[in-house]
Amino acid sequence: MKIATYNVNGINGRLPVLLRWLADAQPDVVCLQELKAPQEKFPEKAIRNLGYDAIWQGQKSWNGVAILSRVGQIHETRRGLPGDPDDSHSRYIEAAVNGILIGGLYLPNGNPKPGPKFDYKLRWFDRLIAHAGELLATGQPVMLAGDFNVMPTDLDVYKPERWLDDALFAPEARAAYFRLLDQGWIDALRTLHPDEVIYTFWDYFRNAFGRNAGLRIDHLLLSPPLAERLVDAQVDVAVRGWEKSSDHAPVWIELADGKKAPGRPKSRRRVTGTLD
DNA sequence: ATGCCTAATGCAATTAGA
């Protein structure tokens, strides 16, 4: 089963690119972020025509998250994180699909730092960590996928020294990311490619993609039972070079079938350890 | 410190992104 996350940066402005990528890449489940569309403007028909069911939480102008599936029903379990009834941003949607619980998220950017936006980012992160801990404690196959707006380590930034004061690379944001990871989540891309320079975002400015001046901020985190099934993890970098592309590229993982033969577990890759 | 670019809103210029 192939599961992807893609910050589309406007689902209607991006629709031709999204549909082309879905047809090319054939992901089974997709988490989308930054729909930038109100609930009623989600292009459900175009997506359904490619064989995908969808749930989404829209919002006028900003944010917005969705989960698509072509491998069976989407059993929605929640939208919005617990812990702040006044939070009006559409940044979290969660569903069980094909035996996996998937939390699709768009973590706040947090710039400028310091300021109320950075405070909101850290508070939102705390709420995510609290909820993620409960999900992990179930022992079930669980995944958190989306735009975390955090580069975990120096390896994930083209010029780390220039980003130290930025909300995406600030010590507080990275510490929160590792607090989350230390619950027991496995960063799929980094686990399969421990030393590789991998980016998922390139600014529209300054020919950033052409210069490969990128950031790794879109992540797929797996609970231990899911990590055992991890067989591949990649970024569809070429999509970032398409006409009218998002500033993010799609990121995906391939999971082995969950049904194991009795007494014959599949071979296991390294799934433990943190990154720094 | 700011522009560089892009999307949404809504029809100009502002907000937000990262």
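Sequence lines set the chain letters: A, B, ... in the order given, protein chains first and strands last, and positions in each chain run from 1.
- Hydrophobic cluster membership for A:Leu122: A:Phe118 (Ile, Leu, Val, Met, Phe, Trp, Tyr linked by side-chain heavy atoms under 4.5 Å, directly or transitively).
- B:dT15 and B:dT2 have their P atoms separated by 14 Å, with the value rounded to a whole Å.
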Protein-to-nucleotide contact annotation, 5' to 3' order, nucleotides 10-18 of chain B [B base; S sugar-phosphate only; - none; under 4.0 Å, heavy atom]: -----BSBB
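- For A:Ile11 and B:dA8, the CD1 to P distance is 11 Å, given to the nearest whole Å.
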Contacts under 3.5 angstrom, residues 134-145 of chain A side chains, donor-acceptor by atom type, not counting sequence neighbours:
| residue | atom | partner | partner atom | Å |
| --- | --- | --- | --- | --- |
| A:Thr138 | OG1 | A:Leu135 | O | 2.6 |
| A:Thr138 | OG1 | A:Gln140 | N | 3.2 |

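- Distance check on atom P: B:dA1 versus B:dC11 gives 34 Å, rounded to whole Å.
- Partners of A:Glu76 according to the salt bridge (charged side-chain N to carboxylate O under 4.0 Å, His left out) rule, which considers only residues two or more places apart in sequence or in another chain, are A:Arg79.
- One C1' atom belongs to B:dA8, the other to B:dA12, and the distance between them is 14 Å to the nearest Å.
- A salt bridge (Lys or Arg N to Asp or Glu O under 4.0 Å) check over residues 14-27 of chain A, counting only residues at least two apart or in different chains, returns nothing.
- As a whole-Å value, the separation of A:Arg14 CZ from B:dA8 C1' is 12 Å.
- Among pairs with a residue in residues 207-241 of chain A, those fulfilling ring pair (Phe, Tyr, Trp, His ring centres under 6.0 Å) read A:Phe148-A:His219, A:Tyr177-A:His219, A:Trp202-A:Phe209, at least two apart in sequence or across chains.
- A salt bridge does not link A:Lys2 with A:Asp28: every distance from a Lys NZ or Arg NE/NH1/NH2 to an Asp or Glu carboxylate oxygen is 4.0 Å or more.
- Rounding to whole angstrom units, CG of residue A:Asp165 and C1' of B:dA1 are separated by 13 Å.
- What separates CZ of A:Arg162 from P of B:dA1 is a distance of 15 Å, to the nearest Å.
- Distance noted for atom C1' between B:dC4 and B:dG10: 25 Å (whole Å).
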